[in-house]
Amino acid sequence: MKNNDQLWRLGGSDLGLLVHRDFKGLVDKTIIIRISSFLRKFKNINIIDYTEPDPLTVVRMAKIPYDNLGLVMLAMLAIPRGFVASYSDLAELLNMTPRLIGLFASKNPMPVLIPCHRVINKDGAIGGYSAWHRDGRGIKALLLSMEDVKVNGMKVSKDHFVDPNELKDNFYRIYNYYHSLISEYHSSEQSE
DNA sequence: GTACCGCTTTTAT
DNA sequence: ATAAAAGCGGTAC
């Protein structure tokens with residue numbers, strides 16, 4: 001916990017998101033914590049109620065790497081709140097394999113802000129979640145139910161899956177915006 | 001270079 | 001229901 005970190009409360013629950021920013025003010029890391037136990041250690045912390053920013057805002061405020069992990073993160077941002085996509089949906093979109101998507105998901109440096117909890121198994125099973133020390137699947141299910149995705153017996157019904165074409169459209173919109181920011185950055189660097 | 005890993009999926013018992 | 005192989009970019013050696 002650094003002095004410039006923020007704590008966001010998720011959906012009025014006891015779950016919080018610790019948000020770390022780099023020297024430029026870009027978010028580069030988030031950690032999920034339990035607020036009640038966290039406050040026992042750290043006093044006088046300002047808690048902000050979290051409302052989800054739209055994907056383009058996240059692209060602007062977060063540090064998304066220019067590599068395959070970054071692509072997977074952008075694809076996750078393309079899944080709207082209240083929906084899920086399967087590992088194989090993302091794999092098809094990005095020409096990867098489902099297991100590779102899972103591997104990158106496990107490397108997601110900013111859980112919740114980059115909604116890797118919305119990626120689940122093709123058969124509706126909730127899939128893994130490592131952004132929590134244990135019972136990661138429980139936290140994943142909780143995050144999903146907070147955004148009105150019904151989880152019954154660790155399974156999500158088919159009607160919560162985002163339409164692949166919509167996923168694709170969202171992804172390209174987000175990717176183009178991301179790319180325009182990158183080019184902007186490079187051109188401003190050259191002109192200095 | 002090689003070997004192993006992981007938030008899966010598919011196929012075969 | 002459970003087991004195993006395929007799959008592939010990263011990472012570590």
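Just so it is clear, the values below take in all heavy atoms, side chains as well, and ignore hydrogens, waters and symmetry mates. In what follows, every chain begins at residue 1, and chains take the letters A, B, ... in the order their sequences are listed. Everything numeric in this text was worked out from a predicted model, so none of it was measured.
Each of A:Val58, A:Ile79, A:Leu77 was checked for a side chain to side chain contact (heavy atoms under 4.5 Å, CB included) with A:Pro115, and the lone residue meeting it is A:Leu77.
One interatomic measurement links the two molecules: OH of A:Tyr87 to P of C:dC8, which rounds to 19 Å at whole-angstrom precision. Here C:dA6 presents its C1' atom at 18 Å from CE of A:Met96, a figure rounded to the nearest Å. The distance from atom CG of A:Leu69 to atom C1' of C:dG10 is 11 Å, rounded to the nearest whole Å.
Using a 4.0 Å cutoff on non-hydrogen atoms, the parts of residues 105-128 of chain A near DNA chain B are A:Ala105, A:Ser106, A:Cys116, A:Asn121, A:Lys122, A:Gly128, ordered by number. Sorted by residue number, the members of residues 139-155 of chain A with any non-hydrogen atom under 4.0 Å from DNA chain B read A:Lys140.
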Would you mind writing out the side-chain donor-acceptor pairs for residues 100-113 of chain A within the sub-3.5 Å range, not counting sequence neighbours?
unit_1   : atom_1 : unit_2   : atom_2 : d
A:Ser106 : OG     : A:Leu103 : O      : 2.6
A:Asn108 : OD1    : A:Met110 : N      : 3.0
A:Asn108 : ND2    : A:Ile114 : O      : 3.1

Side-chain donor-acceptor contacts of residues 9-16 of chain A below 3.5 Å, not counting sequence neighbours, with atom names and distances?
unit_1  : atom_1 : unit_2  : atom_2 : d
A:Arg9  : NH1    : A:Ser13 : O      : 3.0
A:Ser13 : OG     : A:Leu10 : O      : 2.7
A:Ser13 : OG     : A:Leu15 : N      : 2.9
A:Asp14 : OD1    : A:Ser36 : N      : 2.9
A:Asp14 : OD1    : A:Ser36 : OG     : 3.4
A:Asp14 : OD2    : A:Ser36 : OG     : 2.8

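Judged as a ring-ring contact (aromatic ring centres under 6.0 Å, His included), the pairs with a partner in residues 48-99 of chain A (not counting sequence neighbours) are, in order, A:Trp8-A:Tyr50.
Under a 3.5 Å cut-off, the side chain of A:Ser88 and the backbone N or O of A:Ala91 do not form any donor-acceptor pair.
Residues satisfying the salt bridge (charged side-chain N to carboxylate O under 4.0 Å, His left out) test with A:Glu147, not counting sequence neighbours, are A:Arg81, A:Arg118. Taking A:Tyr172 as the reference, A:Lys168 meet the side-chain contact (heavy atoms from CB on, under 4.5 Å) condition, with sequence neighbours excluded. Residues satisfying the side-chain contact (heavy atoms from CB on, under 4.5 Å) criterion with A:Asp67, sequence neighbours excluded, are A:Pro65, A:Leu69. With sequence neighbours excluded, the residues forming a side-chain contact (heavy atoms from CB on, under 4.5 Å) with A:Lys150 are A:His160, listed by chain and number.
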Output field dot_bracket for DNA chain C (Watson-Crick or G-U, both distances under 3.5 Å, | for other-strand pairs) contains ||||||.||||||
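The closest side-chain heavy-atom distance from A:Asn68 to A:Leu71 is below 4.5 Å. Within the 4.5 Å cutoff, side-chain heavy atoms of A:Leu56 are placed close to those of A:Ile174.
Nucleotides of DNA chain B lying under 4.0 Å from heavy atoms of chain A occupy a range whose first and last members, 5' to 3', are B:dG6 to B:dT10.
Through direct or indirect side-chain contacts shorter than 4.5 Å among Ile, Leu, Val, Met, Phe, Trp and Tyr, A:Phe161 is connected to A:Val84, A:Ile120, A:Ile126, A:Leu144, A:Val149, A:Val151, A:Met154, A:Val156.
Heavy atoms from other residues, nucleotides or ligands lying under 6.0 Å from NZ of A:Lys41 number 12 at most.
Heavy-atom distances to DNA chain B give each of A:Leu103 and A:Ser88 a nearest nucleotide, and the one nearer the 5′ end belongs to A:Leu103.
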